[in-house]
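For reference, the structure is listed below as C-alpha cells.
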2 protein chains.
Amino acid sequence: MKADALRGHLDALILAVVEDEPLHGYGISEALHSRSEGAIDLPTGTLYPALRRLERLGYLRSSWSTVGGRKRRTYQLTRSGRAELAARQHDWHQTSSVIGAILGTGPAG
Amino acid sequence: MKADALRGHLDALILAVVEDEPLHGYGISEALHSRSEGAIDLPTGTLYPALRRLERLGYLRSSWSTVGGRKRRTYQLTRSGRAELAARQHDWHQTSSVIGAILGTGPAG
DNA sequence: TTTCGATAGGTAGCTAGACGACATGTAGGC
DNA sequence: GCCTACATGTCGTCTAGCTACCTATCGAAA
C-alpha cells in the first residue's frame, strides 16, 4: 500500500508509533510495516521529509546516537506532539465514520 | 471537513452518490453534505474539476438539461465507473482497517 | 578482497489533487 | 436594485507523497 492512500493521515501514524517508544527513522518504517501486517512500506523519500516536517512543527524532537557503528537519529514525541496525535486520532475517527457511512462500512465497522 | 482529509477517496464518494441516481454537480455536493450530516462541504474548485476528471477517465457520463430556467449538467455512472467504485470501496476498507489498527479503531471498532 | 543485503540517513525534481479567489449567469423575494 | 439560493466553471498556488538518486557502515558470502 502506498502512503498516497493514507494521505493526510500519515503524520498521525508516525506520531502513533513513536508514542509507545522513541524510534529512529528506519525503526519507524519497520514498526509501520509490521503493525500493518506488511501493508505499509514507506519509501525513504516519503518518510524522512515527513519526520523533518514533524520536527519543524514541534511535534517531534530528535537526537543522534551511534549504535553498532551506525548513526541513528532517534525521534521522540513532544508534549505538543502528543496533543496533535490526539487531535489527529479524533480527525481520523470522524473521517472514517463519514466515509464509511457513504461507502458502506463493510464487515464489522 | 475539508476534502483534503478525504484525499484519494473523494472520487469514491462521488461515484457512490451517483450510483443510486444520476445527479448534477450541485446535487452531488448537496447529497454529500446531507449524507455526511453536514461534515462534507465541497468547494466548487474541488468538485467541478473532480467531475471532469472522472468523466475524462470514463467513470461518469454527462448530459445537459434545463430545469427551472437553469442549466444543469447531470452525471451518471458508467459500467466502468461501477467497477471503479467497487475497487475504490475495497481500497477504502483495506486502508481504514490498516489505519484503524495503528491509531486504534476507537469505540467498538 | 570484493561484493551484496540489511541497516541507516538523506536530497532534488516531479506530480496529483485540493484550495481560495474569481467569473458568469438565472430565479425569486424584499 | 439588491440579496440569497441555485448552477457551472477556471486559474494559480500549495501540500505532500513519489521516483530516482546519493552516501555510509557492518557482516556474511563468494
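All chains are named by letter (A, B, ...) in the order of the sequence lines, taking the proteins before the strands, and each is independently numbered beginning at 1. All values derive from a computational prediction rather than experimental measurement.
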Fill in: Separation between CD1 of B/Ile14 and CG of B/Leu51, rounded to the nearest 0.5 Å
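Spacing of CD1 (B/Ile14) from CG (B/Leu51) equals 5.0 Å.
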
Fill in: With A/Arg82 via salt bridge (charged side-chain N to carboxylate O under 4.0 Å, His left out) - residues at least two apart
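A/Glu19.
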
Item to complete: Work out which heavy atom in B/Ser62 is nearest to a heavy atom in B/Arg73; give both atom names and the distance.
Response: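 Here B/Ser62 and B/Arg73 meet closest at OG-NE, 3.1 Å.
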
Worksheet entry | A/Leu15 versus A/Gly81, closest heavy-atom pair with distance | CD1-O, 4.1 Å

Worksheet item: Is the closest side-chain donor-acceptor distance between A/Thr78 and A/Arg61 under 3.5 Å?
Response: no

Worksheet item: Do B/Met1 and A/Val98 have side chains that get closer than 4.5 Å, going by heavy atoms?
Response: yes

Worksheet item: Should A/Tyr75 and A/Ser63 count as side-chain neighbours, where that means a heavy-atom distance under 4.5 Å?
Response: no

Discussion item. Walk along nucleotides 9-19 of chain D from 5' to 3' and tag each nucleotide B, S or - by protein heavy-atom contact under 4.0 Å, base first, then sugar-phosphate.
Written reply: BB----BBSBB

Fill in: Heavy-atom contact window of chain B on DNA chain C, given 5' to 3' at under 4.0 Å
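Endpoints of the contacted stretch of DNA chain C: C/dG17 to C/dA27.
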
Practice prompt. Just call it for A/Arg72: base, sugar-phosphate, or nothing, with non-hydrogen atoms closer than 4.0 Å on any strand.
Written response: sugar-phosphate

Fill in: Donor-acceptor contact below 3.5 Å, side chain B/Gln76 vs main chain B/Pro22
no

